[in-house]
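This report concerns only the one structure given below.
Atoms within each ligand, like the ligands themselves, are counted from 1 in listed order. Values below: all heavy atoms of this structure, side chains included; hydrogens, waters and symmetry mates excluded.
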Amino acid sequence: MILSDCFEVNEAGHLTVGGCDTVELARAYGTPLYVMDENAVRRNCGLYRDALRECTGGRGMALYASKAFCCKEVCRIAAEEGMGLDVVSGGEIATARAAGFPAERVFFHGNNKTRAEIDLALEYGVGRFVADNLEELGRLQRAAQEKGTVARVLLRVKPGVEAHTHAFIKTGQIDSKFGFALSTGEAREAAERALSLPNVELMGLHCHIGSQIFEIAPFLLAAERLLGLRKEIYRETGRSLPEMNLGGGYGIRYVEGDDPIPYGKELHVVAETVARRCAEDGMETPFLYLEPGRSIVGDAGLTLYEVGSVKTIPGVRSYVAVDGGMTDNPRYALYQAAYTAVVANKAAGPADFCATLAGKCCESGDLLQESAWIQKPEEGDLLAVLCTGAYNYSMASNYNRIPRPAVVMVRDGRARVIVRRETYEDLLRCDC
Ligand code: LLP
């Protein structure tokens, strides 16, 4: 087992995922190739679903944050596993809809939902809008009124909690583009405004403090602060908001040293804190939502590349160039994100070669990892980067007119394509 139980090494010394030999997958489907282990995705959904059900007495639901990896098949799997869905754009709504995702379990997020997206969401019948700003509340009121309906809303609150993670993926602090600040009174005013709108029904509060977080303390602090605001709203308006959404952000293990929080234990502590605080305040415990993205799909995926060249600069470093790069995984270029890499056809050998893994784009920063210890590679070898299931396919680009790879879903030794590889024709489709 390497990092997670999806990844093993077989008798041939090849890396396997979901019981499939990666060398055979590369031969059958080409490279670069994203591979996802279906059992792992389902298992991760189940961990949240079961833990939440148990610790809230059935008054909780996990929503899959589809931004982590959005395609029809993953939406279908999330629906089958009893998850709700977090969407942030018309495109994610269109995908959920095409997958037949039950609309009432869809939560529409985003800090600048356009009127057209709001109309699309109302037409689909999404369960909740997570409102980010006053202008949006106005747009929701107008859109819902015109359609003769009511938009059910949670307010996105900035609880002023600093999570220890990369600055670009921190969102709970006051200096953030997302949501209403708690400390300035903005969130309370927004609640009053929402409660005054006839076609808006305020259901509760939401926060999301950041991503790839390994500690429980910031989640508890955020929950406490949201409950404080809920109590204040109750005192001032007599309305006890029935729902609370604590967002996502649970970290996963990308490298051996990463130590993620065990969800089951973690969720119990969060749910207990919420219930205890509500009891102390003499208020009803709200229905609890969580929105994991990375921890649903991240450790279920890997990316396969073919090695094209190995360039050793004496006294400097060795570059191993592969047939993908920042176009299929921009996370090193953006966040210096750590990953574990393996030469998949030599996976049983010693990882005694230190390399900078480079992509094929015309860009020096197009790197997948620096100072990675891997088996000594040569032209034609297969390089696997592990735990790429989240924020890889969904953040991929066509820079340098490089087509996006296919995504193959594996399960118990069988493989099927869930997103086909882009062709040059796809790339030219929008050109006039
Ligand atoms: N809910 C909301 C409102 C969010 O904004 C996010 C992530 C999530 C849930 C899911 O968070 P997760 O469980 O995946 O940490 N592109 C970055 C991550 C950005 C996360 C954005 N929001 C990365 O590659 O690390």
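Of the options P292, A65, S211, the smallest heavy-atom separation from atom 15 (O) of ligand 1 is shown by S211. Between atom 12 (P) of ligand 1 and the options S295, S66, G249, P330, the minimum heavy-atom separation is to G249. For atom 25 (O) of ligand 1, the nearest non-hydrogen atom from the set E291, H109, R294, M395 comes from R294. Between atom 23 (C) of ligand 1 and the options R331, K67, Q212, the minimum heavy-atom separation is to R331.
Contacts with ligand 1 closer than 4.0 Å are made by side-chain heavy atoms of D86 only, the backbone lying farther away.
Residue contacts with ligand 1: Y335 is included, with a non-hydrogen atom under 4.0 Å away.
Pairs engaging residues 55-66 under the side-chain hydrogen bond (donor to acceptor under 3.5 Å, both in side chains) rule: S66-E92 [sequence neighbours left out].
The six-membered or imidazole ring of H206 lies near that of H109, with a centre-to-centre distance under 6.0 Å. Here Y250 and F219 bring their ring centres to under 6.0 angstrom of each other.
Near R156, meaning under 4.0 Å from one of its heavy atoms, ligand 1 places the atoms 3 (C). Annotation for ligand 1: atoms under 4.0 Å from non-hydrogen atoms of G248 are 9 (C), 13 (O).
Considering R294, R43, R253 in turn, R43 is the only one that fulfils the salt bridge (charged side-chain N to carboxylate O under 4.0 Å, His left out) rule with D299.
Contacts of R239 classified as salt bridge (Lys or Arg N to Asp or Glu O under 4.0 Å), with partners at least two apart in sequence or in another chain: none.
When all heavy atoms of N398 and E422 are compared, the pair lying nearest together is ND2-OE1, 2.9 Å.
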